Asker: 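There's a structure below that I have some questions on.
Just so it is clear, the structure is predicted and the values come from calculations on it, not from any experiment.
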Amino acid sequence: MTDTSTAGPGTASAPDRPLPLDRRSLAPDLARGVMLLFIALAHTHLFTVFIGGPENIATAADQLTVAGTTMFVDLRSYPMFAALFGYGLAQIHRRRSEQGYAWPRTRGLLRRRGLWLIVFGLAHTVLLFPADILAVYGLVTLLLMGVLRLRDRTLVILAALWLPVAAAVHALVASDNAITGGGMPLMPDGFANELLFRLTLFAVLVVIMFISTLVPFMIGVLAARHRLLERPHEHLRLLRTTAFVGIPLAALGGLPLALDKAGVWTDATPGDVLLTSGLHQVSGYAGALGYAALIGLIAVRFSGRQGPVTNALAALGQRSMTFYLAQSVAWAVLFSSYTLDVHLTSPAVGVGIAVAVWLTTVLLADLMRRRGMRGPAEVALRRLTYGGGSGTGGGSGSSRR
C-alpha cells in the first residue's frame with residue numbers, strides 16, 4: 001500500500017531520496033489505484049455486517065452483490081495488495097543494493113519502515129477502522145525481511161508450504177462460525193464502546209491477516225526480482241497466462257461459498273463450509289495474481305499514451321496509503337454512531353456507497369497530481385523512514401558498508 005520508490009542508481013548525492021513520481025512505472029500504481037476500489041467494496045461489506053449482522057439479502061440485487069463480492073472481491077483484493085507490498089519492499093532492497101548499500105544498512109532502514117507502519121496502523125485502528133493492514137505489513141517487514149535475500153526456489157517452496165496453512169485457518173474459522181452461528185460482532189454505539197470494539201476485533205483479525213499475507217508477500221518479492229510490473233512488455237506470455245487462468249479460477253473457486261452466502265445453497269453443512277472456505281482462500285490468491293497480471297497487460301497497452309482516466313488511477317495508486325486511510329475516514333463519518341450513523345443493511349446499497357467513495361478519491365488524487373502534491377501519508381512515512389536527508393539508511397556515518 002505504501003509508496004515504495006527510492007532513488008535509482010547513480011544518485012550518490014542523495015542516496016535515500018525517493019524517485020520522482022514521473023519516473024515511476026505505470027503498472028504498480030495503476031494496480032494500487034484499481035485495487036482501492038476492491039478494498040472499498042470489501043470494507044463497506046464489512047460495515048454491512050458490523051451494523052446489520054448477517055447479510056440481509058432482501059432482493060435479487062442483494063443476492064447478486066453478495067455472490068459477486070464473494071467471487072471477485074473477498075480474499076482477492078487483500079492478497080493483491082499484500083503482493084504489491086512485497087513487490088515494493090523488494091524494490092527498495094534491489095535499488096539500495098544497486099546503490100552499493102550493504103545488507104545491515106538496508107535492514108536498518110526496513111526496520112524503521114516496519115516500526116512506523118505499525119505505529120500508523122495502530123493509530124488507524126484506534127481512531128477509525130478495526131481491520132487495518134498497515135500494522136500487519138509492519139509486522140511482516142520486521143519478522144520476514146530476511147526473505148528478501150532468499151533464492152527464488154526457496155521463496156517458491158516457502159510459499160507452497162504456507163499455502164495450506166493459510167487455507168486451513170480461514171476454513172476453520174468459517175466452519176466454527178457455521179457451527180456456532182457466530183460471525184462478525186455487531187458494532188456498539190458510543191465513542192468509547194466503538195474504540196474498544198476496534199481494538200478487540202483487531203487483536204483477532206491481525207493474526208488471521210498476518211497468516212493470509214505471507215504467501216502473496218513472498219510471491220510479490222519474487223515478481224519484483226524479475227520486474228514483472230516494471231517491465232511488463234518483457235513478460236507478456238506469463239502475464240497473459242496468469243490473468244486468463246487466475247481470474248476465472250478465483251471465480252470458480254469462490255462460487256460454492258458464494259451460493260451459500262447468497263442463500264441459493266440452503267443446506268450447506270459445517271463440513272461443506274470448511275471445504276468451500278478453504279477453496280475460496282486458495283483460489284483468492286490465484287485471483288489476486290490474475291488481477292495484477294491483467295493490470296500489467298493494460299499498462300503495456302497504454303504505456304506512452306496515457307489518457308485522463310489512466311493518469312487519474314495512477315495518481316490514486318501513487319497516493320494509495322493516503323487514500324486507504326481517507327476511505328476509513330469516510331466510513332467513520334458515515335457509519336459511526338457518533339457521526340452520521342448510517343444504518344447500512346443492504347449489500348447492494350453498500351456497493352453504491354463504496355463506488356461513490358472510491359470515485360471521490362480518484363478525483364481528489366488527480367487534483368493532487370495536477371497540483372504536484374504528494375500524498376501526506378506517504379510523505380510522513382518517507383520522512384520518518386529516511387530521516388529527511390541523505391545517508392539515513394541505517395548504521396552510523398555516511399559509509400555504505
Asker: How far apart are the closest heavy atoms of T339 and L334, and which atoms are they?
Answerer: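 Looking at all heavy atoms of both residues, the closest pair is OG1-N, 4.4 Å.
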Asker: What pair of heavy atoms forms the shortest contact from A312 to V362, and how long is it?
Answerer: CB-CG1, 3.8 Å
Asker: Between D62 and T65, does any side-chain donor sit less than 3.5 Å from a side-chain acceptor?
Answerer: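 Side-chain D/A pair, D62 to T65: absent.
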Asker: Distance alone, cut at 3.5 Å: any donor-acceptor contact between the side chains of E194 and S336?
Answerer: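 The answer is yes; a qualifying pair exists.
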Asker: Can you confirm whether the side chains of S283 and R76 place a donor and an acceptor under 3.5 Å from each other?
Answerer: yes
Asker: List the atom of Q63, the atom of V264, and the distance in Å for their closest heavy-atom pair.
Answerer: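 Heavy atoms of Q63 and V264 come nearest at NE2-CG2, 4.0 Å.
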Asker: I'd like to know if the side chain of R107 reaches the main chain of M145, judged simply by a donor and an acceptor atom lying under 3.5 Å from each other, with no hydrogens or angles considered.
Answerer: no
Asker: Could you tell me whether the side chain of W116 and the main chain of R111 form a donor-acceptor pair under 3.5 Å?
Answerer: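 Checked: no pair found.
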Asker: Just by distance, with hydrogens left out, do Y291 and S77 show a side-chain donor and acceptor under 3.5 Å apart?
Answerer: no
Asker: Donor-acceptor check, side chain of S97 to backbone of H93, threshold 3.5 angstrom: yes or no?
Answerer: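 Here the side-chain-to-backbone pair exists.
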Asker: Measure up the W331 and F47 rings against each other and bin them: parallel (under 30°), tilted (30 to 60°), perpendicular (over 60°).
Answerer: tilted
Asker: Taking E378 for the side chain and T322 for the main chain, is one N or O donor matched with an acceptor at less than 3.5 Å?
Answerer: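 Yes; judged by distance alone, with no hydrogens or angles, the pair exists.
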Asker: Would you say H280 and D74 are linked by a side-chain donor-acceptor pair, where the criterion is simply a distance under 3.5 Å?
Answerer: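 Not at all, the side chains of D74 and H280 share no donor-acceptor pair under 3.5 Å.
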Asker: Quick one: does Y285's side chain have a donor or acceptor within less than 3.5 Å of a partner on S212's backbone?
Answerer: yes
Asker: Can you check whether V273's main-chain N or O pairs, donor with acceptor, with T276's side chain at less than 3.5 Å?
Answerer: yes
Asker: Is the side chain of Y324 donor-acceptor paired with the backbone N or O of I133 at a distance under 3.5 Å, no angle test?
Answerer: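 Side chain of Y324 to backbone of I133, a donor-acceptor pair under 3.5 Å: yes, one is there.
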Asker: Quick check against the 3.5 Å criterion: does N311 have a side-chain atom that pairs as donor or acceptor with the backbone of G307?
Answerer: yes
Asker: Keeping the roles fixed (side chain from R225, backbone from L148), state whether a donor-acceptor pair exists under 3.5 Å.
Answerer: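 Yes, the answer is positive, given that a donor and an acceptor are paired below the 3.5 Å cut-off.
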